[in-house]
2 protein chains.
Amino acid sequence: MRFILLNPKLNINDKIFLKDPETSALGKKILQQSILLIDEIGFEAYTFKKLGERIESNESSVYRYFENKHKLLLYLSSWYWSWVEYRLVFGVANLTTPQDRLKIAITIVTEDAAEADISEHIDVRLLKRIIINNFMKTFLTKEVDEEIRSGFFQIYTRVIQRVTDIILENAPKYPYAESLASTIVEGALHQHFLKDHLQSITSCNSCTSPTDFYLSLIDNVLKQNV
Amino acid sequence: MRFILLNPKLNINDKIFLKDPETSALGKKILQQSILLIDEIGFEAYTFKKLGERIESNESSVYRYFENKHKLLLYLSSWYWSWVEYRLVFGVANLTTPQDRLKIAITIVTEDAAEADISEHIDVRLLKRIIINNFMKTFLTKEVDEEIRSGFFQIYTRVIQRVTDIILENAPKYPYAESLASTIVEGALHQHFLKDHLQSITSCNSCTSPTDFYLSLIDNVLKQNV
DNA sequence: TGCAAAATGATAGTAATACTATTAAGTTTG
DNA sequence: CAAACTTAATAGTATTACTATCATTTTGCA
C-alpha cells in the first residue's frame, strides 16, 4: 500500500510489456488474476486463453499487454524485486551502524512476505510464492544474454548490488562480496522452496527460517573478514 | 570412463524411463544426441521430433524410451548427480582428516567439469552445462511433490546428505549443516551461470572460481563453529 | 453533447507441440 | 526358422501460442 503510494513509477523496463498494465483496469485485472491463476495451476499450465476466460475477457486482449507469458513473468518478477528494493532502501535508510544495516538488509531479502503486504491489485504473499517457484525460469533460457542486455534484470541486479555494498561496508576487504550477495538472495528463494517440498536437505522448518540461517552465515563470514 | 566401468548399474529410478536407454544402441544415441541438441538449441526448443530427425530415427521411437522431455531431463540430471556422487565417494574415501575430506568434497561439488570426463556416449562437459542451465527446472514444477515421493530426486538428495555429513564431521554442533550443503551445491550451479551471463553480480571470473568462493565460505563458517 | 480515436471482445485461422495409435519392416534369439 | 521384440513410418488428435480481422464499447476532448 505505502509501496504503491510512494512508487507511482514502478520503473519496470518498458520493453517487457506492449502496454503498461498499471495504466488500465483491464491491465490491473490481468496482473491480479495472473498471480492467482499461476499460483493455482502453475506457470507451465497457465495460458493467456485460460486467463482470458477467468477475467471474463479475451485471449486477444491479454496479448495487447504482453507478447507472451514469459514477458508477463518478467513483469511480475520486476514488480517483486522493485518491492524488495523499496523495502531495502527504506529499511536501512535511518540505520547508522554498518552491522545494523547488514542485519536488516539480509532479513529483508530472505524473510517471508508478511501478511499485511497486500497492495490494491497485487497480493504480495502469493507473488512471493510465484517468485520462489518460478523466478529462476526467467533466467534459464536461451535468450538470457539478449534479455540482460535489454535491461530486463536491472532491478534484480540492483538489489544484489545494494546488498553487496552493505556487505563491503562491513568487510571492505572481503573478496567475494558479489557472490555472497547473489548466493544469499537466490539461495533464500531456494531454501524457502526446500522448506515447502524437500525438508530432508534443508535446516529450515517451522522453528528455523532461511533468515536465521543466512544471518548466522553472514555473521560467520564477517567475523573472519573484518 | 572409469565411472561407467565401475557403475554398470547407474541406479537411476526406473520410473523415470519407459525403457532403459543404456540397454540399446538407439537408447544411447538418444542420450548422446539429446545432450548435443539441448545444448545447441536450449531445452525449451528441444523436441522429440527434432531429436528423431537428428538421430535418423523417429519421434515415436524416442517415446518408447521416455514419456516426455521432462522425464528425459530427469534422467540426465540423475546421471549427472550419480556421476558427482561417484566422484565424491571415491574422492574422500582415502582421506583421513575431516578437514581434507571437506575440502575435497566442496571442490568436487563446485568445480568445473574437467575436459577428460567424457564417457562413451555422454559428454560430461556438455552435460554439466545442461545441468547449470536446466537442473532447477526439474524441481520447479507443480508435480514436484509427487516426483519427490516417487524418488526422482533421490540421487541428488543423497549427494547433499553426504556433503551435510562431512560438514558435521568438521563442526558437529553447527545447526545449519543441511542448508549450508544445499546452498553450496545449488549455489555453485548458479555462480557458474552468473559467471557466464551476469558477471556484475558474481565475484567469479577467469581468476576466481565458484570453488574458491565456497572453500573460503566453508572455512569461515567452520572457524566459528568448531 | 457528439464524434473520432482508442480499447476491448469475438471469431477465425495457422503452425507447432505433444502426444497416441496403427501397421509394416527389420532383427534377435530360442 | 518362427515367434517375439524392436524400430520406422505415417496418420491423427487436442492443445498451445500466437496473428489477423472486424465489430462493439468506452473515452476523451472540441
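Sequence lines set the chain letters: A, B, ... in the order given, protein chains first and strands last, and positions in each chain run from 1. This one's a predicted model, so the numbers in the text were calculated from it and none came from an experiment.
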Please state whether the base of C/dA7 and the side chain of A/Ser61 form at least one donor-acceptor pair under 3.5 Å? no
Counting side-chain heavy atoms from C-beta on, which of C/dA18, D/dA8, C/dA10 comes nearest to A/Asn58? C/dA10
Can you measure B/Glu56 atom CD to D/dA9 atom P for me and round it to whole angstrom units? 10 Å
With a cut-off of less than 4.0 Å, is there a side-chain N or O of A/Lys50 near OP1 or OP2 of D/dT16? yes
DNA chain D: 5'-proximal contact among A/Lys69 and B/Gly27 (nearest heavy atom): B/Gly27
OP1 or OP2 of D/dT15 sitting under 4.0 Å from any side-chain N/O of A/Lys49? no
Under 3.5 Å donor-acceptor pair, B/Glu67 side-chain atoms to C/dC19 base atoms: no
Nearest-angstrom distance from the residue atom CG of A/Asp20 to P of C/dA7: 12 Å
Please check the phosphate of D/dT16 (OP1 and OP2 only) for any side-chain N or O of A/Tyr46 closer than 4.0 Å. no
May I ask you to verify whether the side chain of A/Ser24 and the base of C/dA7 hold a donor-acceptor pair under 3.5 Å? no
Gap between atom CZ of B/Phe90 and atom CG of B/Leu88 - 0.5 Å precision: 11.5 Å
Nearest-Å distance for atom pair NZ/C1', residues A/Lys28 and C/dA7: 16 Å
Has A/Lys15 got a side-chain atom pairing as donor or acceptor with A/Ser150's backbone, closer than 3.5 angstrom? no
Please determine, by modelled atom types, if A/Ser24 and A/Tyr65 share a side-chain donor-acceptor pair under 3.5 angstrom. yes
Just the rounded figure in Å: distance from P of C/dT22 to OH of B/Tyr63. 17 Å
What is the distance, to the nearest angstrom, from the CD atom on A/Glu44 to the P atom on D/dT16? 12 Å
Spacing of OG belonging to B/Ser77 relative to CG belonging to B/Asn134, to within rounding of 0.5 Å: 8.0 Å
Quick check on the 6.0 Å ring-centre criterion: do A/Phe135 and A/Tyr156 meet it? yes
Are any of B/Tyr65's side-chain N or O atoms less than 4.0 Å away from OP1 or OP2 of D/dT7? yes
Would you say D/dA8 has OP1 or OP2 under 4.0 Å from some side-chain N or O of B/Ser57? yes
Just compare D/dT7, C/dA21, D/dC22 and give me whichever is closest to any side-chain atom of A/Arg64. D/dC22
How close or far is atom P of D/dT16 from atom CG of A/Leu51, stated in whole angstroms? 13 Å
Rounded to whole angstroms, how far apart are CD1 on B/Ile55 and P on D/dT6? 16 Å
Write down the distance between CD (B/Glu59) and P (D/dT13), rounded to a whole number of angstrom. 16 Å
